[in-house]
Amino acid sequence: MANWTAVCPTAEIDEEDVMRWDHGGRTFAIYHSPDGEFFATDGLCTHEHVHLAGGLVMDYVIECPKHNGQFDYRTGEAMRAPVCVNLRTYPVKVEDGTVMIDLG
Amino acid sequence: MTHLYHRDYSLTGPEAVRAVELGLANAEWYQAPIPRKRMKELMQRSDQPAIRDTLIWLAAFVVTGGLAAWLYPSWWSVPFFMAYGVLYGSSSDSRWHECGHGTAFKTRWMNDVVYQIACFMIMRNPNAWRWSHARHHTDTIIVGRDPEIAIMRPTWIIRTIALFLGIPQTWGAIRLMFTYAGGTIPEEQKTYIPENERPGVIRTARIWLVIHAAIILWAVLAQSWLPVLLFGPLPTMYGAWVHVLTGVTQHGGLAEDALDHRLNSRTVYMNPVLRFIYWNMNYHVEHHMFPMVPYHALPALHEECKPYFPKPKANMFAAYAEIIPALLRQAREPRWCLVPELPPGTEWTPAPKGKHAEHGAHVELTPAQ
Ligand code: FES
């Protein structure tokens with residue numbers, strides 16, 4: 001069952017950037033893509049559990065700040081070593097200028 | 001003389017267990033508070049600087065190697081072999097490094113191509129070293145965890161000198177190539193190379209063996225030393241000295257087991273020629289703290305980090321003026337290390353972690369100064 005939760009106003013995340021969002025003892029990474037869409041993944045890299053929000057967004061890729069591993073944040077696919085395990089992604093929508101995440 | 005203090009640098013021995021127990025593995029490290037907006041600017045990727053540098057690099061190979069081959073066997077070829085060797089055995093170190101991080105070029109295949117070429121020149125298995133270097137960044141100079149500690153304590157002076165001649169590292173690389181090609185990954189390396197990556201290590205070693213055999217065959221058929229002087233382990237060795245000269249400044253004489261790159265790494269100002277060969281890795285504290293920043297943005301990052309970092313060494317002479325006495329002293333007093341002076345108010349204590357965390361992360365290892 002859907003569990004839509006408000007994250008932040010859309011203006012809070014620059015285009016082609018990422019923000020850390022902690023909720024219910026968990027941490028997430030919320031992305032604003034270059035074409036204005038929003039996405040969400042688990043906040044920690046699957047390699048060594050570093051916060052991805054410190055990394056660099058390039059188009060649809062998030063590069064981890066620790067060892068430069070890369071994920072496609074739309075699908076969570078691990079794209080470049082040393083990351084080998086995909087990231088979990090979450091459905092996101094925008095309602096009245098607010099980014100909403102489905103925590104399921 | 002008996003050393004009371006002798007550490008085990010292997011990744012499978014008691015120090016490896018100890019590092020985990022003390023919370024030194026996978027720990028939280030000091031980070032200078034550079035604003036996110038500025039970091040984003042500094043992290044931006046671009047192909048242009050690395051394409052320019054790579055074209056100059058390749059042209060320098062053609063000119064120095066071409067003149068060396070043309071003048072060979074005259075003694076006039078020696079300076080050209082020297083220059084070629086530095087390109088082959090030293091500049092490949094920084095290309096391996098930067099392209100391994102994937103930051104040199106924006107375009108991925110460009111990083112990958114230069115990475116493969118540089119790995120072959122410096123004789124570092126591209127698959128194995130990617131993982132070794134990831135560990136070096138996670139656990140920089142943590143004994144029992146970091147596979148890339150170049151100078152262990154007590155300093156083994158003869159070995160350190162031999163590094164400049166490329167002997168231990170090239171000999172080690174040849175042995176490892178045969179080990180991998182035989183289908184074996186050393187136990188120690190299994191601690192950081194994931195299982196699914198190991199076949200790649202073995203495959204590359206086998207391909208390399210074929211290439212090395214072809215170079216030797218070429219030399220035999222041509223009845224000339226020229227092929228082996230230009231390709232393979234010989235130029236890796238005779239050209240190694242510059243990358244060792246610059247590489248020793250990275251961590252030499254500094255702290256082990258300190259969760260602060262300012263205490264275990266060193267930034268040294270270098271001239272433009274060395275910085276070209278070394279791709280700005282002289283900004284080494286900056287690189288370790290922010291590995292996302294490409295080599296061409298490190299001077300700008302350095303400016304941002306200045307208020308939080310120890311004073312950089314003014315040049316190579318200043319760096320070696322502290323490194324040589326430090327390494328000699330560490331041959332007699334392995335517990336001792338250099339302690340860079342941190343700007344007031346920027347001292348940092350890692351959050352306690354691990355089984356013996358109540359003693360703090362620096363237990364037994366407080367520099368004897
Ligand atoms: S922690 Fe993310 S790539 Fe290593």
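We name chains A, B, ... by the order of the sequence lines, and we start the count at 1 in each one.
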Evaluate side chain to side chain contact (heavy atoms under 4.5 Å, CB included) for Leu56(A) paired with Met39(B), printing each intermediate quantity in order. CA-CA 9 Å; Leu56(A) 178 67; Met39(B) 276 314 298; over 6 Å; no
Quick one: which residues of residues 100-124 of chain B reach chain A at under 4.5 angstrom, heavy atoms only? Gly100(B), His101(B), Gly102(B), Thr103(B), Arg108(B)
Please look at Val61(A) and chain B and tell me whether the side chain, the backbone, both or neither of the residue comes under 4.5 angstrom of a heavy atom of that chain. neither
Contact class of Cys64(A) relative to chain B, heavy atoms under 4.5 angstrom: backbone
Just wondering, are more than 12 heavy atoms of other shown residues or ligands nearer than 6.0 Å to CD in Gln48(B)? yes
Would the number of heavy atoms belonging to other residues, nucleotides or ligands and lying under 6.0 Å from CG of Asn3(A) be above 12? yes
Between [Y] and [X], is there a side-chain heavy-atom distance shorter than 4.5 Å?
{"X": "Glu63(A)", "Y": "Met43(B)", "answer": "no"}
{"X": "Arg36(B)", "Y": "Asp17(A)", "answer": "yes"}
{"X": "Asn26(B)", "Y": "His49(A)", "answer": "no"}

Salt-bridge present (Asp14(A), Lys37(B); N to O < 4.0 Å): no
Has the side chain of His137(B) got a donor or acceptor atom that lies under 3.5 Å from a matching backbone atom of His67(A)? no
Which atom pair, heavy atoms only, marks the closest approach of Pro82(A) to Trp131(B)? O-CH2, 3.2 Å
Using every non-hydrogen atom in the two residues, find where Pro291(B) and Pro65(A) come nearest and quote the distance to one decimal. CG-O, 3.5 Å
Counting heavy-atom pairs under 4.5 Å with chain A, which one of Arg130(B), Gln31(B), His133(B), Lys40(B) comes out on top? Lys40(B)
